[in-house]
2 protein chains.
Amino acid sequence: MGTVSKALSLLAYFNHGRTGIGLSDLTRLSGMNKATVYRLMNELQESGFVEQTGSDRSYRLGPQVLRLAALREAAVPILSVSRQVLRELSDETGETTHLSLLQGSQLNSLSHAYSPRNATRVMMEDAKVLTFHGTSSGMAVLAFAEPDFAEAILSQPLEARTPETLTDPEKIRAQLDGIRKSGIAVSVGGFEEDVHSHAVPIFDPDRKVIGALAVAAPASRMTAEQKQLIPAALRRAGATLTYRIGGSAPAGFPQDETA
Amino acid sequence: MGTVSKALSLLAYFNHGRTGIGLSDLTRLSGMNKATVYRLMNELQESGFVEQTGSDRSYRLGPQVLRLAALREAAVPILSVSRQVLRELSDETGETTHLSLLQGSQLNSLSHAYSPRNATRVMMEDAKVLTFHGTSSGMAVLAFAEPDFAEAILSQPLEARTPETLTDPEKIRAQLDGIRKSGIAVSVGGFEEDVHSHAVPIFDPDRKVIGALAVAAPASRMTAEQKQLIPAALRRAGATLTYRIGGSAPAGFPQDETA
DNA sequence: CCAAACGGTTCAATATATGAACCGTTGGTT
DNA sequence: AACCAACGGTTCATATATTGAACCGTTTGG
């Protein structure tokens, strides 16, 4: 692994539960030598990718990442475009909606919208890592990803987040087949208990899957009517989003009409 | 310069006018060896910081920066907080408002809001580099930055973007003195002709200036009434934003009441 | 059909990163 | 008050990763 990769891998230890990390913690987390971590973090700091807080001297992500993100959006405006789609889908379904994107071999939630209609909502956080098995978004992505990629994921040990989480690779493969036929993934309590969620894949101009659009509802609110409305609205929204970012679905993808 | 800094410096060549850069262009822009640039970009690509487009093989910023930006916002929610402040300030003044943040020794516009009230608006782009001299935001920041920093900026050759741009360091220093006293910077046509803009500095918890909040209006619309309303509204909005991000103005900063 | 420019690759020379041990400081415990 | 452990930061000989000129094969445009 090159020096640059090492430095950037240090950034992976930041997450919602850990927005600031001290030198020693980072040394332990990464398993690298302290002097190495120190020097790497110094370089990242000089470039504005991280900064040190005045109080303790722990590191947190720096302002430079905002500039890069704004430029990424200027080049590939997925988030900006998705915000409107999420908004409309939340209004239509009355439930929480979110977009997750494949970044390397990791699926991250990156944007969401709530519906004001109901007082109880499924809450979402951006930049959260989603498992592939056990989330509808993950399954939707996996079903349409490269077979090699899906197999690599399934060959790793699969953790059960709830008693409902499917962890048997064989059963998951069977479910993926179903998703490829229907074009939509459904999960009941696989990631959070009592959350019923639907997801559809999003494709780029090369017809490769880049992420998933999902609707998450409290299981208690999944009436027969909602079970009809949500998948239909979600399919439409997914197609719209793929279209708006200039993407298109691969040849075999189940088209609009399900009836 | 370490390898990591070199790699990250390559990312600085991306901007709004240049969202995709090929290997050869990047080699020329950076002045580095082609093999070096190639290896560095490969590492950045493996980490998801850049990606190569399918069509030509040019590089553009990758999805990983979105995740980091979302986490940065989770740690220091300046942008999220600013959006509401910008929105309200635009509604109140009827003009375009924007926030710029100091990133290293560079000032970048990072968020903006338009007012629907008028058909003609000053347009803004995010992630655009602002000069310190000649923009009200830059002057507001410079006036409250470390004296060393301000001097370093003023000792460089200063370009005139318009005939109105002040480029004489001595005159700029005099203007900065005025801004320190008034707490607000005003620029008429210094960056774009016919744009009249006001800006106030934003401070962090250490009472250090981190950026500026600004209102930009077509010069033609600057009635006597607006010349009263805009500075007053902007001062209030600036104080609100500084407060909401947990910051506070330094000791000498001119307080609320101007009357 | 050629020439130029492109992305990508090689390998010896060399500059750079590494890590064990070491500082001085801080904060908590006895 | 004295101690100790953990912290951020630093050193320097060693080892390893980076560098750059030259070289492919391919694509592009005249």
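FYI, side chains are in, hydrogens and waters are out, and symmetry mates aren't considered; it's all heavy atoms of this structure. We name chains A, B, ... by the order of the sequence lines, and we start the count at 1 in each one. As the structure is a prediction and not an experimental result, all values here were calculated from the model.
- If you measure from atom CE of A/Met32 to atom P of C/dG19, you get 9 Å, rounded to the nearest angstrom.
- Taking a cutoff of 4.0 Å between a charged side-chain nitrogen and a carboxylate oxygen, B/Arg161 and B/Glu193 do not qualify as a salt bridge.
- The phosphate of C/dA5 (OP1 or OP2) has no side-chain N or O of B/Ser24 nearer than 4.0 angstrom.
- Using modelled atom types, one finds a donor on one side chain and an acceptor on the other under 3.5 Å when comparing A/Glu73 with A/Ser80.
- Here the P atom of nucleotide C/dA17 and the CE atom of A/Met1 are 15 Å apart, to the nearest Å.
- Rounded to whole angstrom, the span from the CG atom of B/Asn33 across to the P atom of C/dT16 amounts to 14 Å.
- Using cut-offs of 30° and 60° on the angle between ring planes, the pair A/Phe149 and A/Phe132 is perpendicular.
- Summarising the geometry, atom CG belonging to B/Leu107 is positioned 5.0 Å from atom CG belonging to B/Leu130; distances are rounded to the nearest 0.5 Å.
- Each of B/Ala35 and B/Ile21 has a nearest nucleotide on DNA chain C; the 5'-most of these lies closest to B/Ile21.
- With hydrogens and angles disregarded, a donor-acceptor distance shorter than 3.5 Å links the side chain of B/Ser109 to the backbone of B/Lys128.
- The main-chain N or O of A/Asp126 is found under 3.5 Å from a side-chain atom of A/His16 such that the two form a donor-acceptor pair.
- For the helix from C/dC1-D/dG30 to C/dT30-D/dA1, the end axes, each set by the C1' atoms of five terminal pairs, are bent relative to each other by 40° (nearest 10°).
- Side chain of A/Thr242 to main chain of A/Ala239: no donor-acceptor pair is present (N/O by atom type, distance under 3.5 Å, no hydrogens or angles).
- A straight line from CD of B/Glu43 to P of C/dA17 spans 12 Å, rounded to a whole angstrom.
- Contacts between chain A and DNA chain D, taken as any atom within less than 4.0 angstrom of a protein heavy atom, begin and end at D/dC7 to D/dT18.
- In this structure, B/Arg28 places its CZ atom 15 Å from P of C/dA4, rounding to the nearest Å.
- Residue A/Met41 contributes atom CE, which lies 16 Å from atom P of C/dA17 at whole-angstrom precision.
- The ring pair (Phe, Tyr, Trp, His ring centres under 6.0 Å) search around B/Phe253 returns B/Phe144, B/Phe203, not counting sequence neighbours.
- Within a 6.0 Å sphere centred on CZ of A/Arg173, heavy atoms belonging to other residues, nucleotides or ligands number more than 12.
- The side chain of A/Arg39 contributes an N or O atom lying less than 4.0 Å from OP1 or OP2 of C/dT18.
- Here A/Lys34 does not reach the OP1 or OP2 of C/dA20: none of its side-chain N or O atoms lies under 4.0 Å away.
- Of the two residues contacting DNA chain D, namely A/Gly2 and A/Asp25, the nearest-nucleotide position lying further toward the 5' end is that of A/Asp25.
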